[in-house]
Protein chains: 2
Amino acid sequence: MDRVTLHHDLREHHRKLTRARQAVLEILTQANRHLTPAAVYRKAKIKYPHLGLTTVYRTLDLLVELGYIRRIHFADGCHSYAATAQAHGHHLVCSVCGRAEEFGNCDLEALMKSLQAKTGFEISVHVLELMGLCPECRAKSRAPKRKK
Amino acid sequence: MDRVTLHHDLREHHRKLTRARQAVLEILTQANRHLTPAAVYRKAKIKYPHLGLTTVYRTLDLLVELGYIRRIHFADGCHSYAATAQAHGHHLVCSVCGRAEEFGNCDLEALMKSLQAKTGFEISVHVLELMGLCPECRAKSRAPKRKK
DNA sequence: TCTCCAATTGAAAATAATTTTCAATTACGG
DNA sequence: CCGTAATTGAAAATTATTTTCAATTGGAGA
Ligand SMILES: [Mn+2]
Ligand SMILES: [Mn+2]
Ligand SMILES: [Zn+2]
Ligand SMILES: [Zn+2]
């Protein structure tokens, strides 16, 4: 996941390691939460002022392709991104603060087997995303409301 | 799922049963596949020429809210909709023809329990979507390629 | 270290997608 | 039927995303 690995992966695809790419990945990796393209742009621009929004869009696509980040889907206001550490990871997202926790072991084998048998579909991809309250936001929401 | 049920559900929310709403739901229910807002508009407009795209967007939101349809997410070109028969249904989508097969019993209890314990998150919502080839498209893709 | 060139970039413009406005219309409880 | 809140669709406004293209840059190879 570090710069070296990225550089390596990029080389394999005949792509270059650029400041723009480093900035975008860095932002998402350190954010520990999901971010929209616009938010990534805003934050990354601080580290690398010359950055353009177009490049952010292109970079997000690239990083998804390489598996460094994943697209998060919401009921409304779709399209946010979160960093991934695992090759096959999913996210557990806090609906209040946006924190995105990665998890693997999405054990869907049994379900998929049974569905393949029942429907004849040949399943190749799955999208799994869990949403709720992170421990911190959970505590806050329980705490007695203060003034007003 | 029929008109009567819809009328009833709408009444509970102080909403009216209109031709536009009937047209949109009918299209999605009979389509047996996922459709983008624009596609729904195109098709529904045939049954009800006076229909406006704005209304389609509003209606899709409403139907999702009432649980008659569900939003389908794709890696790219997000945002399609598919009808649902079950209160808690997910979709198995064919990546070639778009056919959307509904399934319930998404048995994620064990996974969620384990994650709640491990992370402290209080999980309340989950998004699960499976993609692959439907039996028909599967057969076609296997069949020897013809001319050219 | 220097060269060369494919890959990359960002501004601007073009598109696509979605939402807001608002005056006219319609569903439906009474 | 009436009265009225809900709905509608055209047009305009916003937002989101993609395309263009000339200038710049990373990095493989000399
Ligand atoms: Mn989505
Ligand atoms: Mn489920
Ligand atoms: Zn939180
Ligand atoms: Zn198919």
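Small disclaimer: the values here were computed from a predicted structure and weren't measured. All values below were derived from every heavy atom in this structure, side-chain atoms included, with hydrogens, water molecules and symmetry-related copies excluded. Here is how names work: the chains are called A, B, and so on, in the same order as the sequence lines, proteins then strands, and each is numbered from 1.
- Rounding to whole angstrom units, CG of residue B:Leu6 and P of C:dA27 are separated by 14 Å.
- Panel note: side chain B:Tyr68, backbone B:Leu6; a donor-acceptor pair is recorded below 3.5 Å.
- Judged by distance alone, the side chain of B:Thr84 and the main-chain N or O of B:Gly67 form a donor-acceptor pair under 3.5 Å.
- Backbone-only contact: B:Thr18 has heavy atoms under 4.0 Å from sugar-phosphate atoms and none from a base.
- Summary of the strand contacts: A:His14 and B:Thr54 both lie near DNA chain C, and taking for each the nucleotide with the nearest heavy atom, the more 5' one is attributed to A:His14.
- Remark on DNA chain C: of its neighbouring residues B:Arg19 and B:Ala38, the 5'-side contact belongs to B:Ala38, judged by nearest-heavy-atom nucleotide.
- A parallel orientation is assigned to the rings of A:His126 and A:His90, their planes being inclined by less than 30° (bins at 30° and 60°).
- From the 5' end on, the contacts that DNA chain D makes with chain B at under 4.0 Å to a non-hydrogen atom open and close at D:dA5 to D:dA11.
- Distance A:His7 NE2 to C:dT8 P: 11 Å, rounded to the nearest Å.
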Identify every side-chain donor-acceptor pair in residues 114-123 of chain B under 3.5 Å, counting partners at least two apart or on other chains, and give the distances.
residue	atom	partner	partner atom	Å
B:Gln116	OE1	B:Ile123	N	3.4
B:Thr119	OG1	B:Leu115	O	2.7
B:Thr119	OG1	B:Phe121	N	3.1
B:Glu122	OE1	A:Arg138	NE	2.9

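- As judged by a 4.0 angstrom heavy-atom cut-off over every strand, A:Arg58 is placed among the base-contacting residues.
- Although no hydrogens or angles enter the test, the distance criterion places no donor-acceptor pair under 3.5 Å between the side chain of A:Thr36 and the main chain of A:Ser80.
- Here C:dT8 presents its P atom at 17 Å from NE2 of A:His50, a figure rounded to the nearest Å.
- Between B:Leu60 atom CG and C:dT18 atom P there is a gap of 10 Å when expressed in whole angstrom units.
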Cut-off 3.5 Å, no hydrogens considered: what does the side-chain donor-acceptor table look like for residues 38-51 of chain B, sequence neighbours left out?
residue	atom	partner	partner atom	Å
B:Tyr41	OH	B:Lys45	NZ	3.4
B:Lys45	NZ	B:Pro49	O	2.8
B:Lys45	NZ	B:Leu51	O	2.9
B:Lys47	NZ	B:Glu26	OE2	2.7
B:Lys47	NZ	B:Gln30	OE1	3.3

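- Comparing A:Tyr57 and B:Thr59, the nucleotide of DNA chain D nearest to each residue sits closer to the 5' end for B:Thr59.
- Summarising the geometry, the separation between CD on A:Glu65 and P on C:dA7 is reported as 14 Å, rounded to the nearest angstrom.
- Atom-to-atom, CG of B:Leu10 to C1' of C:dG29 comes out at 15 Å; the value is rounded to the nearest Å.
- Judged by distance alone, with hydrogens and angles left aside, the side-chain atoms of B:His91 form no donor-acceptor pair with the main-chain N or O of B:Arg71 at under 3.5 Å.
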